[in-house]
Q: 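Before anything else, here's the structure in question.
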Amino acid sequence: MVAAVAGDVFVRMNVLEVAVFTRRQVLGVLAVGGLFTAVPSVGLAQGSEELVVYSGRKEPLIQPVLERFQKETGVRVVLKSGDASALANQLLEEQKNPQADVFVANDAGVLGRLGNLGVLQPYQSASIEKIPARYRGAGWVGVTGRARVIMYNKSLIKEADLPKSLLDLSDPKYKGKIAAAGTANESMLGQLSEMRQVLGDEKTREFVRSLVANQTTFLKGHTDVRKAVGRGEFPLGIVNHYYYHLQLAEGSPVGVIYPDQGAGQMGTMINVSGVGIVKGAKHTAAAQRFVDFLATAPAQEIFAQANYEFPLLPGVQAQAGVRSLGDFKVTQVPLSALAKEVDGSLKLANGAGMP
Ligand SMILES: [Fe+2]
């Protein structure tokens, strides 16, 4: 309980603000929180080589891939999973004596920011070059894709009344009808960074102000959003596409909108979960094998099956019932562009009233 409360505070501090804090302050925050919730080793079989994985993905969503990697390579995997921002700050703190070999995170902005801060080391290989370039950046490579969609409760809103663009949510007719995550959520912040790239700061600020003016309810995370929409507390929720599938699988009467598909519209925004090799990693060779492995079809299939995400390796199928990357219009922003935007997006959103 204490850890959870401290975690909240920490997320709001945010890895992306860290550069403006002194090292002492960062350490102070960590010490006060004691919030690095390390999950013990996943208990995989013994091997001569070791790989330490820090993961901002939830344990059930990474463990099957780690087990497969260990089985194929004999490398013993040690997993520490936790909040992505807290782990990112842990990596910064450990920069002079790295404890992790790889970092897995659920947002291109966090990965790019760590790359820019010199926490991640560049790596290129034939394997990761099969992942399209717009899903890679300095020191990191995307592993799975997620679309920013609007999910809705079919019992609360008629087809004809649905928004078609993200910007439609500014319409006063949606007042009190929208649930979303706030700026502590990396995917929401990433979405605002993409919007700023496509539409500019002024329009993005207007959009956030209109969400606030429309009395949008900002919940702690996307699981809260999808459940609230599923239960019928809100007609509309802004989420990643897999939250719609998770809610649908629970039997809720939900539908999904991939926004901004019309001519002249900006397209649906995509973000990625991805991985980077820690600079100074003790097990660099194992880390490189791991990153290569994540870009192979077997690993991409495991990820796609685990959580309805889009495989990024061309030719690998998404789970049945899930759309494929390539069958809808995507915002044309290279995800490497998000790293430098995150501070600004946080300030812009907070300034416009988004918690
Ligand atoms: Fe998520």
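Owing to the predicted nature of the structure, the values given are computational and were not obtained by experimental measurement. Atoms within each ligand, like the ligands themselves, are counted from 1 in listed order.
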Q: Tell me yes or no: between the side chains of Asn240 and Arg148, is some donor less than 3.5 Å from an acceptor?
A: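 A pair is found: one side chain offers a donor N or O, the other an acceptor, under 3.5 Å apart.
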
Q: Decide whether Arg146 and Tyr242 meet the rule of one side-chain donor and one side-chain acceptor closer than 3.5 Å.
A: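 The criterion, which ignores hydrogens and geometry beyond distance, is satisfied for Tyr242 and Arg146.
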
Q: Ignoring hydrogens and angles, state whether a donor on the side chain of Ser336 or Arg136 is under 3.5 Å from an acceptor on the partner side chain.
A: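 Arg136 and Ser336 do not have a side-chain donor-acceptor pair below 3.5 Å.
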
Q: What count do you get for protein N, O or S atoms closer to the Fe ion (ligand 1) than 2.8 Å?
A: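 The number of such protein atoms is 2.
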
Q: Inspect the contact between Glu202 and Arg205 and indicate whether a charged nitrogen and a carboxylate oxygen are less than 4.0 angstrom apart.
A: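 So Arg205 pairs with Glu202 through a salt bridge.
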
Q: Checking Phe69 now: which residues fulfil ring-ring contact (aromatic ring centres under 6.0 Å, His included) with it, not counting sequence neighbours?
A: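 Expected list: Phe290, Phe293.
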
Q: Tyr244 ring centre to Arg226 NZ or CZ under 6.0 Å, with the angle to the axis within 45°?
A: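 No; the conditions do not both hold, so Arg226 does not lie above the ring face of Tyr244.
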
